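What follows is one structure encoded as structure tokens, with my remarks underneath.
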Amino acid sequence: MSSALAAVPVVVKPKNAGGCTDAPVLKERGQREVFCGLTGIIWLHRKIQDAFFLVVGSRTCAHLIQSAAGVMIFAEPRFGTAIIDERDLAGMSDANDELDRVVAQLLARRPDIKLLFLVGSCPSEVIKLDLSRAAQRLAGVHSPKVRVLNYSGSGIETTFTQGEDACLASLVPTLPTTTEKSLMVVGSMADVVEDQFRRLFTAIGIDDVQFLPPRRAHLLPKVGPNTKYLLAQPFLADTARALEARGATRLEAPFPLGVEGTTAWFAAAAREWNVPAATLEAAISPARTRATQALARLKPQLEGKRIFFFPDSQLEIPLARFLHRELGMELLEVGTPFLHRQHLASELALLPEGTQLSEGQHVENQLDRCRAAAPDLVVCGLGLANPLEAEGMTTKWAIELVFTPIQGYDQAADLAGLFARPLHRRTLLAA
Amino acid sequence: MQLTVWTYEGPPHVGAMRIATAMTDVHYVLHAPQGDTYADLLFTMIERRSKRPPVTYTTFQARDLGGDTAQLFQDAVRESFERFAPKAMLVGASCTAELIQDDPGGLASALELPIPVVTLELPSYQKKENWGAAETFYQLVRAICGPLAPKPGTRREDREPNRPARCNLLGPTALGFRHRDDVREISGLLEKLGVIVNVVAPLNASVDDLKRIPDADFNVVLYPEIANPTASWLLRTFAQPMVKTVPIGTGATCEFIREVAALAGIDPTAALNDGTSRAPWYAKSVDSTYLTGKRVFVFGDGTHALAAARIASKELGFQVVGLGTYSREMARDIREAAKGYGCEALICDDYLEVEAKIAELQPELVLGTQMERHIAKRLGLPCAVISAPVHVQDYPARYSPQMGFEGANVIFDTWVHPLMMGLEEHLLGMFRDDFEFHAEASPSHLGGPAMDRRNEASTADVASDNDVALLEAPVAVEAAAWDGIPVWSPEGEKELGKIPFFVRGKARRNTETYAREHGVRVITVEALYDAKAHYSR
């Protein structure tokens, strides 16, 4: 087993310290083969278990969520769409009155709902339906039983995971205030991962850890000038800004993917709480050791394999860092819908110099580059995966990365496994 | 505004995509914001197509709205023409682009491309997917064949007596419910009759194929929801008659054969006596007696719902207790049919209302879409899927048509199977408390004694509810000579419960094996994860 005295690696390098910190980024515009922010509802509604997400949009919005959910459960879900029709557009009915009616209908049907999000869409934004005023008005009618908030998940404003950012940012002004020093973990993760993290923080000696989003609408974390927060997800720019407006301070760290990222992430909190290195080491060492061992078994399958990322979840850069540094994969292109340099500073510093980064998308050009590069593994969205497989490439669909528990030590090997499995399968089928 | 949780149909531009994707050399440029590309996955994931749909999305963003979205659209049209070299193009707007009124048609025609460019006006806030598919197919055929139309009033030349009759099969699309197999089945049937299939469209058709549509003597409308406007226009413009019977079910297939034979001037007798038709005999066989009077609820698109009700009532001896459709276009036909079965028609696209109706009627079999399958599952009713909206299950690897005699065979199996299963479930339910059949018993067909583990399980339950016992458990284990069987700590057991149910059993087995092999007596949370790491690959 590992030595308890092993030094805790501090991987946060100073700025301009190499890696890809100042690397040029290929910025492209054109067709984007990505989901819009409405898609986040699929995991957010599972996370906040008494919230309802009401999209104010078109039939397309309803169809998108239904299709992106992939496995359509067809239970009565905690999301739905108020479909705008021509009567609303032609002014034959007042869209606000209609919305009030639909919300009343919904809440009468679902008395279990404690928090209602009105979610803006492309059509609602283009017709300038003011959902923040609608939320205030409806809160007046339905509070205190139901709180009503709003955010935009529209494709003209948000890409895929940015929907979660917009949702969490809308929660921040409603968080209770505190002046006590506390740690907030920001970004939705599977409950099982949260529980692991909470145990590790306790072992490290940080007891007051809160999570955003909460599992229940009334379990909101407190925030104030002594709140330190760690981002668990790399796509939370607006949420971070909103937290800082409430006085919270971000702890700079890479994201908790893989052993290295997870260790540095916990170390960032430990430093802030002046936890002795030995305490931190003692707390994380068992989990880190078994994660390292589990990864070692997967490494031979991935080492030296060349990987190409299409932009999708904004998790691409931390994933690339993990796959390169811990599993020895070679990075051909790392595409991301949006590159937040500040939040990703520690990540960029860890990428190998010369990595091709790209932001935005022109899908046809990128497909040309991908074919020319002939990668061993392509990470892409659901629309591209089967066509690329049919061309002979091996793919990993990116959406699984936001539905699967992948953060932390005990999920590190699962995460690597997501990438190893398609390669393994291809060799099985080729035999 | 309408509150919707699940939808039966997508927006009309998805219907247009089904036409473009069905064809071999048509490209569709859709003025649409980021996110509308989700529709690609319907084709690549649900239908498992090996190519992306031939659709280019302009992907405008908020910052473009103040600027030049029109330029963005023109660039997309020009670029996709150069890259994909289609023989015809469709241009149009999705719901959001419809609101910004950029005039895709005018912008595209300003480019003066050397191919037909068809402008689609698909009102997203009013119409739905099937309407969009029908309108797109009609506009496309009109654009391609319109220039070939004879002068109004020109009499169609009679077919030369020795030339076999030719017909077109109209309506099959991409993302259709069994369209691929229906085309094969009906093509075979027509061949047997001695009728030549001139063009199948839009599925696998090229623009040049569309130009040959007027050469046929008549049209077969396989899917009225999609091909009716086109066939009506062909009737008016080229005087091509159309076959209206949809050959789903044995009775309808025979009617279809007679209708085709009459138009083609052939004797249908041989085709009517098809050796592969087994469904009528199976329905007559004594084994099917228990099907008599089964109460069925039917819901789907208009065509499939009508056909299913007819088969249920006339060919299987069921009682139709409810009949409905989400296709408002076919509301009248459904109402009329429902009257004939003595039940009330349900014309509705509100999933929750359909669910309430099924719950109220308590049928013995639900014939519906994938959505009714889920309703039926929740209500514990047998169900078979008869119609779109489609699911990956609706694209079986095997040949599985709905139309023709083989289609009737497939339908017999598909509908009767869940009832047999229902019977089996029922028997199991009756014997549930027998020692061999309870949930914890090991399956008898795997051999070995039918051990009753219920007592064990209940002991464990008591233990896990009893904190004191649990706290003491490790000590007790410690003190006694260890028998090599590890014990779960309450925290470990609780953590195990967080693992998704479909892998939980495996996790439990692996952890216990690991614990046994490593001499771990009490499975703690740590041990659980140690085992997980040990087995992870």
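Remember, it's a predicted structure, so these values are computed and weren't measured experimentally. To find a chain, count down the sequence lines: A is the first, B the second, and so on, and within it residues start at 1.
For R371(A), the salt bridge (Lys or Arg N to Asp or Glu O under 4.0 Å) partners are D368(A), E391(A), not counting sequence neighbours. Contacts of R49(B) classified as salt bridge (Lys or Arg N to Asp or Glu O under 4.0 Å), with partners at least two apart in sequence or in another chain: E47(B).
Highest contact tally toward chain B, considering only Q361(A), E389(A), R109(A), is held by R109(A) [criterion: heavy-atom pairs under 4.5 Å]. Residue with the most contacts toward chain B among L99(A), D191(A), V55(A), L295(A): L99(A) (heavy-atom pairs, distance under 4.5 Å). Chosen from T44(B), D36(B), D40(B), D64(B), the residue pairing most often with chain A at heavy-atom distances under 4.5 Å is T44(B). Of the listed residues (C95(B), P389(B), P33(B)), the greatest number of heavy-atom pairs within a distance under 4.5 Å of chain A belongs to C95(B). Note on Q126(B), K51(B), E79(B): by heavy-atom pairs under 4.5 Å with chain A, the leading option is Q126(B). Put simply, of L38(A), D85(A), D410(A), the one with the most heavy-atom pairs under 4.5 Å next to chain B is D410(A).
Heavy-atom distances place no part of V29(B) under 4.5 Å from chain A, backbone and side chain included. Only the side chain of L367(A) comes within less than 4.5 Å of a heavy atom in chain B; its backbone stays farther off. Contact of D88(A) with chain B is made through the side chain alone, with heavy-atom distances under 4.5 Å. Proximity to chain B involves both the backbone and the side chain of L64(A), based on heavy atoms less than 4.5 angstrom apart. Contact of A190(A) with chain B is not made at all, since no heavy-atom distance falls under 4.5 Å. Heavy atoms closer than 4.5 Å to chain B are found nowhere in E125(A), neither backbone nor side chain. For a residue to count as touching a neighbouring chain, one of its non-hydrogen atoms must lie under 4.5 Å from one of that chain's; by this rule T158(A) touches chain B with the backbone only. Using a 4.5 Å cut-off between heavy atoms, V392(B) makes no contact with chain A at all. Within the 4.5 angstrom heavy-atom criterion, atoms from both the backbone and the side chain of L3(B) approach chain A. For chain A, no part of Y8(B) is nearby; none of its heavy atoms comes within less than 4.5 Å. Using a 4.5 Å cut-off between heavy atoms, L54(A) touches chain B through its side chain atoms alone. If you measure heavy-atom distances from R87(A) to chain B, you find no contacts under 4.5 Å at all. With a 4.5 angstrom heavy-atom cutoff, V363(A) touches chain B only via side-chain atoms. In this structure, no portion of F160(A) lies under 4.5 Å from any heavy atom of chain B.
In terms of heavy atoms, A62(B) sits closest to E157(A) at CB-OE2, 3.8 Å. Across all their heavy atoms, R101(A) and M1(B) have their closest contact at NH2-O, 2.8 Å. Considering all non-hydrogen atoms of both residues, V55(B) and Q31(A) come closest at O-OE1, 3.8 Å. Nearest heavy-atom pair, V192(A) versus Y529(B), reported as atom, atom and distance to 0.1 Å: CG2-OH, 3.3 Å. The minimum heavy-atom distance between N386(A) and R48(B), with the atom names listed, is ND2-CA, 4.2 Å. Shortest non-hydrogen contact noted between T96(B) and C122(A) is OG1-CB, 3.0 Å.
For the atom pair OG of S154(A) and CD of Q61(B), the computed distance is 10.0 Å after rounding to the nearest 0.5 Å. Note that CD1 of I127(A) and OH of Y125(B) are 7.5 Å apart. Values are rounded to the nearest 0.5 Å.
Ionic pairing of E495(B) and R199(A) is present here: one or more N-O contacts between side-chain nitrogen and carboxylate oxygen are shorter than 4.0 angstrom. K494(B) has no carboxylate O lying under 4.0 Å from a charged side-chain N of D195(A), or vice versa, which leaves the two without a salt bridge. Residues R290(A) and E526(B) are paired through a salt bridge, judged by an N-O separation under 4.0 Å between the basic side chain and the carboxylate.
Atom CZ of R425(A) has 12 or fewer neighbouring heavy atoms from other residues, nucleotides or ligands inside a 6.0 Å radius. For W131(B), the CH2 atom counts as densely surrounded, since its 6.0 Å shell holds more than 12 non-hydrogen atoms of other residues, nucleotides or ligands.
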Practice item. Evaluate the criterion side chain to side chain contact (heavy atoms under 4.5 Å, CB included) for residue pair Q34(B) and I156(A); output intermediate values, then yes/no. Key: CA-CA 6 Å; Q34(B) 171 170 272; I156(A) 56 178; over 6 Å; no

Review point. Should H63(A) and L42(B) be marked as a side chain to side chain contact (heavy atoms under 4.5 Å, CB included) after you check the CA-CA gap, both sets of side-chain angles, and the distance that decides it?
Key: CA-CA 10 Å; H63(A) 199 233; L42(B) 304 171; 3.6 Å; yes

Exercise for review: Starting from the C-alpha separation in whole Å, work towards a yes-or-no answer on side chain to side chain contact (heavy atoms under 4.5 Å, CB included) for Q66(A) and T4(B).
Suggested key: CA-CA 11 Å; Q66(A) 169 168 328; T4(B) 306; over 6 Å; no

Review point. Could you go step by step and tell me if M45(B) and W397(A) meet the side chain to side chain contact (heavy atoms under 4.5 Å, CB included) rule?
Key: CA-CA 11 Å; M45(B) 295 301 289; W397(A) 357 307; 3.9 Å; yes

Practice item. Output, in order, the C-alpha distance, side-chain angles, deciding distance and verdict of salt bridge (Lys or Arg N to Asp or Glu O under 4.0 Å) for D75(B) and R29(A). Key: CA-CA 12 Å; D75(B) 292 347; R29(A) 291 208 52 194; over 6 Å; no

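Under the side-chain contact (heavy atoms from CB on, under 4.5 Å) test applied with Y38(B), the options I65(A), T60(A), V34(A), T39(A) reduce to a single match, T60(A).
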